[in-house]
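Per chain, numbering begins at 1; letters A, B, ... match sequence-line order.
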Amino acid sequence: MAALTYDIAVIGAGPAGSMAALHAARLNRRVCLFDRNARVGVPVRCGEGIGFRSFIAHAGNRLEWTKNKISRSVMVSPSGIRVTIGNIDESYILDREKMDGDLVREAAHAGADLFLSTPVTEVRRTGDGSYECRSPDRTFCASIVIVADGVESRIARFLGWNTALSLSDVETCAFCRVTFPLIDQETCVFYVGSTVAPGGYAWIFPRGKGEANVGLGINGTKSSAGRAKECLLKFLDKELPGASVENLHCGGVPVARWVRPLVRDGALLVGDAARQVNNISGAGIHYSLFAGKLAGLTAAQAMGSNGSVDYRLLARYENEWKKTYGKQQDRSYALKEFVMKTDDAFLDRIAASLAKEPPERMNYPRVFTRTFSRHPLLLLKAARLFG
Amino acid sequence: MTVKLNNDKCDRCGTCIGVCPTNALLLLTASLVIDSDRCNTCERCVVICPFGALSLADDSSASTNMT
Ligand SMILES: Cc1cc2nc3c(=O)[nH]c(=O)nc-3n(C[C@H](O)[C@H](O)[C@H](O)COP(=O)(O)OP(=O)(O)OC[C@H]3O[C@@H](n4cnc5c(N)ncnc54)[C@H](O)[C@@H]3O)c2cc1C
């Protein structure tokens with residue numbers, strides 16, 4: 001079969017890839033979008049939490065993608081001290097099955113050719129500078145390739161990047177959907193400590209109507225075969241005994257510095273594949289939406305009508321990312337490096353001190369100010385992380 | 001020694017691929033594929049798997065009989 005030819009090929013139809021395909025297609029470029037799976041967005045491998053401001057900024061006012069509104073968060077220390085943070089920016093718990101599905105449909109509606117059940121196994125740059133994307137039964141050609149293959153970031157390795165994560169730069173996660181009538185539907189709860197989730201945290205994110213996403217991540221350096229799942233089962237037993245548990249799945253969160261460069265020749269790296277994730281919270285939805293759109297628009301603008309590519313223009317993608325979120329993401333990495341060196345006693349001491357504060361006066365900057373008062377340099381970094 | 005997959009335990013999440021230094025792992029639509037020629041048995045994939053679907057097995061033993 002002859003190779004199909006496009007201006008822009010997008011590999012991976014998560015939020016990063018779909019946003020890229022949608023925005024490139026809207027500028028009338030010939031776009032194809034691949035996903036390995038027959039259906040995108042399932043199983044949901046995500047806690048689905050997002051800050052209100054990030055959501056509005058990058059998704060628009062798509063309230064149909066939200067399931068529940070959160071007004072409070074609680075941190076539980078290793079010895080069980082609960083710190084309530086009453087003054088958080090409002091957050092949402094999303095319906096990612098719907099959001100991811102809608103984004104793919106919108107990309108297709110805007111004119112992108114959608115190829116589901118199509119794993120891209122290899123990408124090669126050919127003599128004329130275009131890219132050949134291979135799948136088991138077809139080959140596709142494109143002038144620009146946007147690589148959005150998520151945590152695995154395998155495709156980039158054919159294009160000169162080394163994206164293999166060291167064990168300390170990945171959180172290995174197990175999670176599920178739980179129905180439990182006693183879950184407070186307005187509060188996200190985070191548990192830290194070496195017993196619950198070594199080098200990571202456990203979460204309860206309520207989705208409304210007694211339902212919640214419950215999961216945990218442990219740092220790769222603390223992992224052994226199957227340990228994330230074992231920790232989750234123990235956590236469920238202890239914190240939500242008797243809850244009905246469904247959709248037990250697993251996944252990985254890259255907690256690394258964002259990949260440099262983000263652009264090589266005509267290839268752009270976006271989302272988890274580019275390690276565009278907040279290293280403290282593990283949040284990447286907002287970065288993926290932002291970077292996907294930016295990469296799609298930039299690629300479309302760099303694509304000349306005669307099929308030529310303005311490679312220098314592509315560099316704008318990295319510059320814009322760096323200006324908007326790059327520094328914040330770098331700080332989250334520095335902070336992660338610090339947090340990895342703390343121990344349970346340290347976390348308990350901070351929790352004990354914070355628990356004396358009235359919850360309504362507690363906000364994230366205050367937690368961090370307290371946490372890092374003995375580490376002035378980190379305080380500076382942390383204060384700006386949320387600034 | 002080779003890395004073996006227990007397909008019943010695998011959730012196809014791709015975390016193992018994220019840490020593989022030799023690009024020896026590949027997810028197709030239905031299953032994970034291990035390229036034993038590329039694999040250097042570093043075991044990062046075994047250690048990182050949240051569900052414990054991968055293990056290092058001695059080729060000489062009854063290798064595929066995994067429970
Ligand atoms: C357990 C867990 C909890 C999380 N919780 C949150 C949270 O609460 N809030 C938050 O903001 N973020 C969270 N994240 C992170 C967030 O889910 C990711 O940052 C986000 O999904 C990244 O989007 P993406 O498009 O880059 O990648 P993905 O959403 O991973 O999409 C990648 C897509 O590429 C496809 N693909 C991969 N390789 C190929 C190939 N070779 N060929 C074809 N298709 C391919 C995959 O099938 C997949 O559909 C969490 C992550 C995990 C694992």
Side-chain angles (χ1 to χ4, degrees), chain A residues 12 35-38 43 45 116-122 135-136 149-158 162-175 215-232 247-254 256 272-273 275, chain B:
Chain A
D35 205 279
R36 169 171 59 228
N37 295 328
R45 298 189 199 274
L116 296 175
S117 306
T118 306
V120 175
T121 54
E122 200 183 327
S135 76
D149 58 343
V151 63
E152 53 201 81
S153 198
R154 178 177 182 276
I155 296 301
R157 299 174 204 169
F158 295 102
N162 174 11
T163 55
L165 295 163
S166 66
L167 290 179
S168 58
D169 283 353
V170 59
E171 294 283 320
T172 170
C173 306
F175 48 89
L216 56 81
I218 66 182
N219 187 262
T221 56
K222 319 274 183 190
S223 178
S224 56
R227 186 166 185 206
K229 184 176 177 179
E230 283 162 25
C231 287
L232 177 65
N247 295 316
L248 181 57
H249 288 290
C250 62
V253 178
D272 277 15
R275 311 324 188 189
Chain B
M1 300 291 269
T2 47
V3 171
K4 294 277 187 246
L5 169 71
N6 180 339
N7 208 20
D8 293 339
K9 285 190 180 177
C10 176
D11 196 37
R12 295 180 269 289
C13 71
T15 309
C16 53
I17 302 176
V19 300
C20 177
T22 61
N23 237 4
L25 300 166
L26 164 69
L27 256 174
L28 297 177
T29 300
S31 72
L32 183 76
V33 181
I34 305 167
D35 180 345
S36 53
D37 292 338
R38 280 173 168 266
C39 175
N40 66 0
T41 60
C42 73
E43 261 189 289
R44 282 199 218 171
C45 59
V46 174
V47 167
I48 210 68
C49 177
F51 280 3
L54 293 162
S55 59
L56 207 57
D58 195 336
D59 297 320
S60 53
S61 69
S63 53
T64 47
N65 186 17
M66 314 242 314
T67 45

Over all heavy atoms of both residues, which pair between B/Phe51 and A/Leu248 is shortest? Give the atoms and the distance, please.
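Nearest heavy atoms, B/Phe51 then A/Leu248: CZ-O, 4.0 Å.
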
Where is the tightest heavy-atom contact between A/Arg45 and B/Arg12, given as atom of each residue plus distance?
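Scanning both residues, the minimum pair turns out to be NH2-O, 3.3 Å.
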
Pull out the residues in residues 13-21 of chain B that come under 4.5 Å of chain A, heavy atom to heavy atom, sorted by number.
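Answer by number: B/Cys13, B/Gly14, B/Thr15, B/Ile17, B/Gly18, B/Val19, B/Cys20, B/Pro21.
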
Contact residues of residues 25-41 of chain B (partner chain A; heavy-atom separation under 4.5 angstrom):
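When heavy atoms of chain A are the reference, residues 25-41 of chain B contributes B/Leu25, B/Leu26, B/Leu27, B/Leu28, B/Thr29 within the under-4.5 Å range.
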
Please, which pairs that meet salt bridge (charged side-chain N to carboxylate O under 4.0 Å, His left out) have at least one residue in residues 44-57 of chain B, sequence neighbours excluded?
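Salt bridge (charged side-chain N to carboxylate O under 4.0 Å, His left out) check on residues 44-57 of chain B returns no pairs.
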
Check: A/His249 main-chain N/O paired with B/Asp11 side-chain donor or acceptor under 3.5 Å
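No: the side chain of B/Asp11 does not pair with the backbone of A/His249.
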
Part of A/Pro136 within contact of chain B (heavy atom distance under 4.5 Å)
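Just its side chain gets close to chain B.
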
Toward chain B, the part of A/Thr121 with a non-hydrogen atom under 4.5 Å
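Both parts, backbone and side chain.
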
Give the member of A/Gly226, A/Pro254, A/Gly251, A/Ala228 that has the highest number of heavy-atom pairs under 4.5 Å with chain B.
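Looking at each of A/Gly226, A/Pro254, A/Gly251, A/Ala228 in turn, A/Gly226 comes out on top.
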
Under a 4.5 Å cutoff for heavy-atom pairs, which residue among A/Cys250, A/Gly252, A/Ala164 has the most contacts with chain B?
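Going by pairs under 4.5 Å, I would pick A/Cys250.
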
Provide the full list of side-chain hydrogen bond (donor to acceptor under 3.5 Å, both in side chains) pairs with a residue in residues 221-230 of chain A, sequence neighbours left out, each pair given once.
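Counting only pairs at least two positions apart or across chains, the side-chain hydrogen bond (donor to acceptor under 3.5 Å, both in side chains) contacts touching residues 221-230 of chain A are A/Asn219-A/Thr221.
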
